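In what follows, a single structure is set out as structure tokens and then discussed.
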Amino acid sequence: MTDALPGLEEPQAPARDPRRAGDEIERRLREAGAVRIAGVDEVGRGAWAGPVVVCAAIAGPGAPPSLPGRGGGTVHLTDSKLLTRAQREAFAEILPAWLEAHALGAAEPAEIDRVGMTEALRRAAVRALQALPHRPDAVILDGKHDVLGAPWRVHCQVGADRRSVSVAAASVLAKVHRDRLMARLEEEFPGYGFADSAGYPSPAHRRALQEHGPTPHHRLSWSYLDDLPRWRHLRKRHDPLTETGQLSLL
């Protein structure tokens, strides 16, 4: 069960400007007694190949760094999905100097196949949090569901990656780390489009799977294998009550 902090039960209004992550969640948690607050975000949940990666980030003092934009504008830290690849790469270079601390955790495809996505996410998040130099007083998770549970003091918030600077930083660092990892796998397994699609469904990925089958980095419990007659026998089955996060090839 989530060890929720007092005074945070009421839903908060959505951020007015999604192009700039705010710090209202961190401020409310500090008012409720938390000192060291970790934002947690994941990437790779719906991919067919590669690990699921989680980053835990503790914001540093002051406002987060920003980037120069076109026409003299400014690019602010926000949800990684709202940034270009070049912007994410640039933020990944400067965020560590601003953050008090950050750490990464992962669950590889074989572990995802064995325990299911929900448990794999929990394990990856715990690994990231335990790798921090100090245990956080509170953890902000993006979404409605607490995948961590006790003993972590968790605050779940939909849209946290656009409303929390620590979660936004975690989303950028997790995304850049995983994208780089998948680009290296492209060198080992060319043709699957890992450098472009990061293991998610794409036309190139589908064609390579149909012709060559899954690599050692593919999740074999995913239902895309049901749509590949030559490779269907490789499919690993779960108990029907176990969540797998499967996606269809079609």
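Since the model is a prediction, treat every value here as computed from it, not as a measurement.
- Note that CD1 of Ile37 is 6.0 Å distant from CD of Glu26, once rounded to the nearest 0.5 Å.
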request  = Go through the steps to decide whether His205 and His218 satisfy the test ring pair (Phe, Tyr, Trp, His ring centres under 6.0 Å), and finish with yes or no.
outcome  = CA-CA 11 Å; His205 196 170; His218 276 86; 5.0 Å; yes

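- Nearest heavy-atom pair across Ser166 and Ala59 is CB-N, 4.2 Å.
- In summary, Asp79 and Arg162 engage in a salt bridge, as defined by a charged side-chain N under 4.0 Å from a carboxylate O.
- Ion pairing between Asp161 and Lys81 holds under the 4.0 Å rule for side-chain N and carboxylate O.
- The minimum heavy-atom distance between Phe189 and Pro216, with the atom names listed, is CZ-CD, 3.5 Å.
- Contact check for Pro214 versus Leu209: side-chain heavy atoms found under the 4.5 Å cut-off.
- A donor-acceptor pair under 3.5 Å links the side-chain atoms of Asp137 to the main chain of Val35, judged by distance alone.
- Taking all atoms of both residues into account, the shortest heavy-atom contact from Ala169 to Ala57 is CB-CB, 4.3 Å.
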Derivation and outcome, side-chain contact (heavy atoms from CB on, under 4.5 Å), residues Ile140 and Val40 = CA-CA 6 Å; Ile140 305 172; Val40 171; over 6 Å; no

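- Under the 4.0 Å criterion applied to side-chain N and carboxylate O atoms, Arg127 and Glu111 are assigned as salt-bridge partners.
- Considering only heavy atoms from C-beta on, Val165 comes within 4.5 Å of Trp98 through its side chain.
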Worked check of salt bridge (charged side-chain N to carboxylate O under 4.0 Å, His left out) between Arg36 and Glu100 = CA-CA 9 Å; Arg36 185 172 287 111; Glu100 178 182 323; 2.8 Å; yes

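- Heavy atoms only, all atoms of each residue included: Ala198 and Arg178 are closest at O-NH1, 2.7 Å.
- Using a 4.5 Å heavy-atom threshold, the side chains of Pro229 and Gln210 count as separate.
- In this structure, OG on Ser202 lies 7.5 Å from CG on Asp196, to the nearest 0.5 angstrom.
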ask   = What do the steps show when you test Lys175 against Asp41 for salt bridge (charged side-chain N to carboxylate O under 4.0 Å, His left out), and what is the final call?
value = CA-CA 9 Å; Lys175 172 67 172 168; Asp41 204 14; over 6 Å; no

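- Taken from CD1 in Ile112 to CE in Met117, the straight-line distance is 4.0 Å, to the nearest 0.5 Å.
- Taking the side chain as every heavy atom from C-beta outward, His155 and Ile25 approach each other to under 4.5 Å.
- A donor and an acceptor atom, one from each side chain of Ser164 and Gln157, are nowhere located under 3.5 Å apart.
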key: Chi angles and distances behind the side-chain contact (heavy atoms from CB on, under 4.5 Å) call for Val53, His177   = CA-CA 8 Å; Val53 173; His177 173 83; 3.9 Å; yes

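- Side-chain contact check for Leu228 versus Leu234: every heavy-atom pair is 4.5 Å or farther apart.
- Using cut-offs of 30° and 60° on the angle between ring planes, the pair Phe194 and Tyr192 is parallel.
- To the nearest 0.5 Å, the span separating CG on Leu104 from NE2 on His102 amounts to 6.0 Å.
- Side chains of Leu181 and Pro51 form a contact here, defined as non-hydrogen atoms less than 4.5 Å apart.
- Cation-pi contact between Arg206 and Trp48: absent, since separation from the ring centre below 6.0 Å together with deviation from the ring axis within 45° is not met.
- Of all heavy-atom pairs between Pro136 and Leu129, the closest is CG-CD2, 4.0 Å.
- Taking 4.0 Å as the cut-off between side-chain N and carboxylate O, Arg180 and Glu89 count as a salt-bridged pair.
- In this structure, CG in Leu82 is found 4.5 Å from OG1 in Thr78, a value given to the nearest 0.5 Å.
- Between Val75 and Leu83 there is a side-chain heavy-atom pair separated by less than 4.5 Å.
- Atom NZ of Lys236 is separated from atom OG of Ser221 by 8.0 Å, given to the nearest 0.5 angstrom.
- Hydrophobic clustering (ILVMFWY, side-chain heavy atoms < 4.5 Å, transitive): Val158 and Val147 are in distinct clusters.
- The pair Arg235-Asp226 meets the salt-bridge criterion, since a charged nitrogen lies less than 4.0 angstrom from a carboxylate oxygen.
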ask   = Would Leu185 and Thr215 count as a side-chain contact (heavy atoms from CB on, under 4.5 Å) if you check the C-alpha gap in whole Å, the side-chain angles of each, and the deciding distance to 0.1 Å?
value = CA-CA 10 Å; Leu185 290 184; Thr215 72; over 6 Å; no

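- Between Val167 and Gly39, the shortest heavy-atom contact is CG2-CA, 3.6 Å.
- For the pair Arg88/Ser80, a side-chain contact is recorded, criterion being any heavy-atom separation below 4.5 Å from C-beta on.
- A distance-only check finds a donor-acceptor pair linking the side chain of Trp222 to the backbone of Ala47 [under 3.5 Å].
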inquiry  = Before you tell me yes or no, could you show the steps for Leu67 and Gln87 under side-chain contact (heavy atoms from CB on, under 4.5 Å), namely the whole-Å CA-CA distance, both residues' side-chain angles and the distance that decides it to 0.1 Å?
reply    = CA-CA 8 Å; Leu67 302 172; Gln87 289 167 348; 4.2 Å; yes

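- Between Glu119 and Arg122 there is a salt bridge, since at least one side-chain N of the basic residue sits less than 4.0 Å from a carboxylate O of the acidic one.
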